[in-house]
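Single-structure report; data block below.
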Amino acid sequence: MPTPYTPIQDYYQLRHTIGSGGFAKVKLAHHILTGEKVAVKIMDKAALGPDLPRVQIEIEAMKTLTHQHVCKLYQVLETDTKIFMVLEYCPGGELFDYIVAKDRLPEEEARVFFRQIVSAVAYIHTEGYAHRDLKPENLLLDEAHNLKLIDFGLCAKPKGGMDHQLSTCCGSPAYAAPELIQGDEYLGAEADVWSMGVLLYALMCGFLPFDDDNVGALYRKIRKGQYEIPDWLSPQSVDLINVMLQVNPKLRINVKELLCHPWLTEGLAEPIDYRTKYNNNNIDEDCITEMSIHFKKSKNTMINIIKDWKYDDTTATYFLLLNKKRRGKPCRILVPP
Ligand SMILES: O=C(Nc1ccc2c(c1)CNCC2)c1ccc(F)cc1
């Protein structure tokens, strides 16, 4: 049975499957106009069932979030049966597999990664989002060995802002904060800090601080907040893990303090810079020129079309041309106008 026609093939050459999760399949693809590699996350609406709203939440979040350590969304396509999310290509795979392959990471390497993780989380918090499912499976390595945060399907953008209490219990138990599994109301930002503490522990130890095959026993360990401290951990890293894995969220370090913790700023002159390097308000000149020629529009018209941010092929072409330029490749569309 030939693969049924989908509009995705107008813009991308789909290649092999590079990942398949719960209700999504991820395929490598080439963007026809720019030749750039992308990851296309394909979801079947029927299979999604009650989880369909999670995809809409993820799409809206990823449209808002543009940061060097957050996986970029380029385009969204929908047919009556499927949803396609065109995402930044991350060939290094999951941080989870990287840690497993190396058993555990030396402190210096863990610090480089953790700085990227904290800057991504601090950024999404300033944008009013809590991730709520931070774990090494949701951090991918790009071709330059930098981390990209994915999977905003469980994220929350509390109506009343980041100080507004959340209540839905979600995320992976081993990384979930005590107040979250307790069923108490909790603050997304505080729960994300706990998860990052578990993440940092996993990076440097190669195993989890709280683990048990029995979920009830696991919950008891998390609520107790006691964990082993292997002898290879430095005193500074033990202190940082300790202030992040505080059972009482009010005693836990917050993200602002985290950005200037001595273990993280070791060797740096100032706190971690979490601001985005991108500015979607000033559109790149070279990209406008190339696109106005190809699409046969005036530069001004092209700028206004791009600034609609429709997450159609124009948005994808703009971001992918920008990527090419950033990687020192010519900012060119490969197809004749
Ligand atoms: O690019 C992705 N994954 C990817 C790409 C290439 C390769 C892998 C994963 C792992 N095996 C080596 C090659 C990717 C990107 C975004 C996403 F949400 C999910 C997956």
Side-chain angles (χ1 to χ4, degrees), residues 8 11-32 34-45 47-48 51-78 82-102 113 116-117 120-121 123-124 127 129 131-155 170-172 175 195 199 276 278 311 313 315-316 319-320 322-324 326-327 329:
I8 190 95
Y11 308 111
Y12 300 90
Q13 288 157 350
L14 289 178
R15 296 278 188 274
H16 56 280
T17 297
I18 48 182
S20 51
F23 44 71
K25 178 164 55 172
V26 183
K27 281 181 173 292
L28 167 63
H30 289 265
H31 183 238
I32 293 168
T34 60
E36 288 290 278
K37 286 180 184 160
V38 294
V40 181
K41 189 171 171 183
I42 306 167
M43 290 158 280
D44 181 281
K45 285 182 184 173
L48 278 169
D51 283 327
L52 186 59
R54 270 184 61 175
V55 175
Q56 302 307 348
I57 290 167
E58 178 171 35
I59 289 170
E60 285 321 302
M62 294 191 88
K63 282 181 178 178
T64 314
L65 302 170
T66 304
H67 186 272
Q68 53 278 15
H69 296 303
V70 174
C71 186
K72 188 77 197 86
L73 175 69
Y74 298 129
Q75 185 170 355
V76 179
L77 289 99
E78 192 169 342
K82 293 198 184 302
I83 298 177
F84 301 85
M85 291 173 69
V86 182
L87 293 150
E88 184 171 1
Y89 181 64
C90 304
E94 293 178 6
L95 177 61
F96 179 87
D97 296 323
Y98 183 79
I99 302 169
V100 168
K102 296 190 76 171
F113 279 144
Q116 297 183 356
I117 295 167
V121 175
Y123 164 75
I124 68 169
E127 293 296 317
Y129 285 93
H131 188 278
R132 300 202 298 178
D133 196 16
L134 294 171
K135 55 185 178 181
E137 296 89 327
N138 285 340
L139 285 153
L140 302 184
L141 288 154
D142 69 5
E143 76 283 346
H145 206 67
N146 289 310
L147 286 179
K148 303 281 179 175
L149 182 57
I150 61 162
D151 205 341
F152 289 80
L154 290 176
C155 77
C170 54
S172 318
Y175 293 84
S195 303
L199 238 170
T276 179
Y278 303 120
Y311 281 82
D313 191 54
T315 304
F319 279 128
L320 290 166
L322 203 54
N323 263 8
K324 277 182 108 165
R326 277 218 173 83
R327 296 203 333 269
K329 293 171 73 176

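Computed from a predicted structure; not experimentally measured. Whatever order the structure lists ligands and atoms in, that order sets their numbers, starting from 1.
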Q) Does the ring centre of Y89 sit less than 6.0 Å away from the ring centre of H31? A) no
**Q.** Heavy atom of P91, distance to ligand 1 below 4.0 Å
**A.** yes
Q: Name the closest protein heavy atom to atom 18 (F) of ligand 1, giving the residue it belongs to and the distance to 0.1 Å.
A: L87 CD1, 3.5 Å
(Q) Please report the interatomic distance CD(Q56) to CD(E58), rounded to the nearest 0.5 Å. (A) 10.0 Å
Q) Where on E88 is there a heavy atom closer than 4.0 Å to ligand 1, on the side chain, on the backbone, on both, or on neither? A) backbone
Q: Decide yes or no for L87 and V26: does some side-chain heavy atom of the first lie under 4.5 Å from some side-chain heavy atom of the second?
A: no
Q) Where do K329 and E36 land on the salt bridge (Lys or Arg N to Asp or Glu O under 4.0 Å) test, with the steps shown first? A) CA-CA 11 Å; K329 293 171 73 176; E36 288 290 278; 3.4 Å; yes
Q) Which of the atoms in ligand 1, numbered in the order shown and given with their element, are less than 4.0 Å from a heavy-atom of A39? A) 1 (O), 2 (C), 14 (C), 15 (C)
Q | Identity and distance of the protein heavy atom lying nearest atom 17 (C) of ligand 1 | A | L140 CD1, 3.8 Å
Q) Would you say K148 contacts ligand 1, with heavy atoms under 4.0 Å as the rule? A) no
Q: Could you check atom 9 (C) of ligand 1 against the protein and tell me its nearest heavy-atom contact, residue, atom and distance included?
A: C90 O, 3.7 Å
Q) For ligand 1, does L28 get within less than 4.0 Å through its side chain, its backbone, both, or neither, judged by non-hydrogen atoms? A) neither
Q.
How long is the straight-line distance from CE of M85 back to CD1 of I150, given to the nearest 0.5 Å?
A. 10.0 Å
Q. Counting only N and O atoms by type, is there a donor-acceptor contact under 3.5 Å from the side chain of R132 to the main-chain atoms of L154?
A. yes
